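Keep in mind the model is a prediction, meaning the values are calculated, not measured. Values below: all heavy atoms of this structure, side chains included; hydrogens, waters and symmetry mates excluded. Labels below follow one simple rule: chain letters A, B, ... track the order of the sequence lines, proteins then strands, and each chain is numbered from 1.
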2 protein chains.
Amino acid sequence: MLEEHRTSAGLLLALLGQAAMRRLRDAHTAHHLSPRQFQLLGLLHDQGTTGQQELGQVMGVDPSVLVTLLNPLEADGYVSRQRDPADRRRHVVALSPAGATHLAAAAHAQRAAEDELFSGLDQAQREQLRQLLLVLQASVQPGQASPCSPPAADQC
Amino acid sequence: MLEEHRTSAGLLLALLGQAAMRRLRDAHTAHHLSPRQFQLLGLLHDQGTTGQQELGQVMGVDPSVLVTLLNPLEADGYVSRQRDPADRRRHVVALSPAGATHLAAAAHAQRAAEDELFSGLDQAQREQLRQLLLVLQASVQPGQASPCSPPAADQC
DNA sequence: TATTGTTATACTCTATAACTATA
DNA sequence: TATAGTTATAGAGTATAACAATA
């Protein structure tokens, strides 16, 4: 039971996650985005116009955090917020054409950062890791169902 | 190239790493430890008395961070700091018997937290994930060689 | 001068609580 | 009253820069 303290999966995941967050931030900072803002633009791109409450649930983020993410995005014109006529309390968020363009550029930078982050893994290991993380995400995220139904997780 | 924004391995690793860090912190807080302090005690346990500079390098942490980790540990008597007679600038850190006892209790709590964190993975998947993270750690950590030589990584 | 450890300060990401406006 | 969004504040984890003591 000795010698295992430094190789527990939980601590490894926590610390390597920090390293990953740092690299993604460095990559996105050049595009004036944070990793969470990139994720947000990606979500809007993938699933279209969405209410803020639903966005927060899917991202697993507090509504107050969402506001701090959205404000600069709206100021830069990457995102628009409109009141829902049916329920004027709701704000409906949409990705603008400029936002889509910006997302594409940032996605390129993120891919480069990930290629460097995972340079120690071959392509098969990297895909294996991604699949394991997807399974883990489905059980860890308290809020939302995974985007892929388990039997068809290959085509994610 | 659509629909992949939310499932990139890098972002998954970053976000799940945050979740892991939260769970470990919750587990260790009951023992008045942080995840990093647990890692520090584990390192001292595994490799014995060590200088602060080397500790910081192995953990991939700034020396100033190490100070804030060590101060409470020393105040609680889990760790001792002594000047190196050969080079009086160096502080040599050792795990105390009380620290070893405390580490064992905290390790139990961490194991429970990890079992719950990885409850969505079976034992084979969890070990697979741990091996992938070990490989990744070796290439990501700029500072130190991995504790296991690659050909014999099974017995970690 | 260079190095070890320390202190002070600031930054990133996130959460909690109180507030506004709509329902 | 209850809900959607906002604001203000606080917390954890980390890094940078300036400093003291020692080499």
Side-chain angles (χ1 to χ4, degrees), chain A residues 11 13-29 32-40 50-57 59-75 79-93 141-143, chain B residues 11 13-29 32-40 50-57 59-75 79-93 141-143:
Chain A
L11 196 52
L13 181 57
L15 298 179
L16 288 173
Q18 287 183 324
M21 184 70 88
R22 268 193 301 272
R23 309 244 181 161
L24 294 186
R25 176 164 42 78
D26 291 344
H28 288 310
T29 295
H32 302 283
L33 292 179
S34 68
R36 281 296 202 183
Q37 287 174 322
F38 175 81
Q39 180 191 22
L40 177 48
T50 313
Q52 285 188 211
Q53 188 189 16
E54 188 184 347
L55 272 178
Q57 284 177 355
M59 294 178 64
V61 151
D62 194 85
S64 66
V65 173
L66 207 57
V67 173
T68 67
L69 297 175
L70 284 172
N71 286 343
L73 292 176
E74 190 179 30
V79 143
S80 70
R81 271 191 282 203
Q82 294 178 356
R83 287 195 177 276
D84 181 352
D87 182 345
R88 293 182 40 78
R89 294 173 301 184
R90 295 185 67 226
H91 280 186
V92 180
V93 186
Q141 289 279 36
Chain B
L11 196 53
L13 180 58
L15 299 179
L16 289 173
Q18 288 183 326
M21 183 71 86
R22 269 193 300 271
R23 308 245 181 159
L24 294 186
R25 174 163 44 79
D26 291 344
H28 288 310
T29 295
H32 302 283
L33 292 179
S34 69
R36 282 295 202 183
Q37 287 174 321
F38 174 82
Q39 180 191 21
L40 177 48
T50 313
Q52 285 188 210
Q53 188 190 18
E54 186 184 349
L55 271 178
Q57 284 177 356
M59 293 177 65
V61 151
D62 194 86
S64 66
V65 173
L66 206 58
V67 172
T68 67
L69 297 175
L70 284 171
N71 286 344
L73 293 176
E74 190 180 31
V79 143
S80 70
R81 269 190 283 201
Q82 294 177 356
R83 287 196 177 275
D84 181 353
D87 182 346
R88 291 180 43 75
R89 292 173 302 184
R90 295 185 69 224
H91 281 186
V92 179
V93 186
Q141 290 279 38

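The heavy-atom pair separating T68(B) from Q37(B) by the smallest distance is O-NE2, 4.5 Å. Between T29(B) and R25(B), the shortest heavy-atom distance links the atoms OG1-O, 2.6 Å. Scanning both residues, G56(A) and L66(A), for their nearest heavy atoms gives N-CD2, 3.7 Å.
Both T68(A) and Q53(B) lie near DNA chain C, and the one whose nearest nucleotide falls closer to the 5' end is Q53(B).
Not one side-chain nitrogen or oxygen of R88(A) sits closer than 4.0 Å to the OP1 or OP2 atom of dT20(C). Between H91(B) and dA21(D), a side-chain N or O to OP1/OP2 separation shorter than 4.0 Å is absent. Regarding contacts with the backbone of dT4(C), every side-chain N or O of Q52(B) stays at 4.0 angstrom or more from both OP1 and OP2. Close to dT4(C), at under 4.0 Å from its OP1 or OP2, lies no side-chain N or O of R90(B).
When the C1' atoms of four end pairs are superposed on the next four at each end of the helix from dT1(C)-dA23(D) to dA23(C)-dT1(D), using five pairs per end, the two resulting axes differ in direction by 20°, to 10°.
Considering CG of L69(A) and CD of E74(A), their distance stands at 13.0 Å, rounded to 0.5 Å. In this structure, Q39(B) CD and H28(B) NE2 are separated by 10.0 Å, a value rounded to the nearest 0.5 Å. Taken from CD in Q57(B) to OG1 in T50(B), the straight-line distance is 11.5 Å, to the nearest 0.5 Å. Between the OG atom of S34(A) and the CG atom of L73(A) there is a distance of 7.5 Å, given to the nearest 0.5 Å.
Applying the side-chain contact (heavy atoms from CB on, under 4.5 Å) test between S64(A) and each of V61(A), D62(A), V67(A) identifies D62(A) as the sole match.
dT22(C) atom P lies 13 Å from atom CG of D84(A), rounded to whole Å. Between R81(B) atom CZ and dT4(C) atom P the separation is 16 Å, expressed in whole Å. Summarising the geometry, the separation between CG on L66(A) and P on dT16(C) is reported as 16 Å, rounded to the nearest angstrom. One interatomic measurement links the two molecules: CD of Q82(A) to C1' of dA4(D), which rounds to 16 Å at whole-angstrom precision. As a whole-Å value, the separation of R83(A) CZ from dT3(D) P is 18 Å. A straight line from CG of L33(A) to C1' of dC13(C) spans 16 Å, rounded to a whole angstrom. dT14(C) atom P lies 8 Å from atom CZ of R22(B), rounded to whole Å. Separating the CZ atom of R23(A) from the C1' atom of dT14(D) is a distance of 16 Å, rounded to the nearest angstrom.
For R89(B), the listed nucleotide lying nearest its side chain is dA23(D); candidates were dG5(D), dA23(D), dG5(C). With dT6(D), dA23(C), dA4(D) as the candidates, the nucleotide lying closest to the side chain of D87(A) is dA23(C). Of the candidates dT14(D), dT6(C), dT6(D), the closest approach to any side-chain atom of V67(B) belongs to dT6(C).
Within the nucleic acid shown, S64(B) comes within 4.0 Å of at least one base atom, counting heavy atoms only. Nucleic acid contact class of D62(B) (heavy atoms, under 4.0 Å, all strands): base.
Residues passing the ring-ring contact (aromatic ring centres under 6.0 Å, His included) test with H91(B), sequence neighbours excluded: none.
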Scan nucleotides 9-13 of chain D against the protein and return all N/O pairs shorter than 3.5 Å with their distances rounded to 0.1 Å.
from	atom 1	to	atom 2	distance (Å)
dA12(D)	O3'	R25(B)	NE	3.2
dG13(D)	O3'	Q18(A)	NE2	3.0

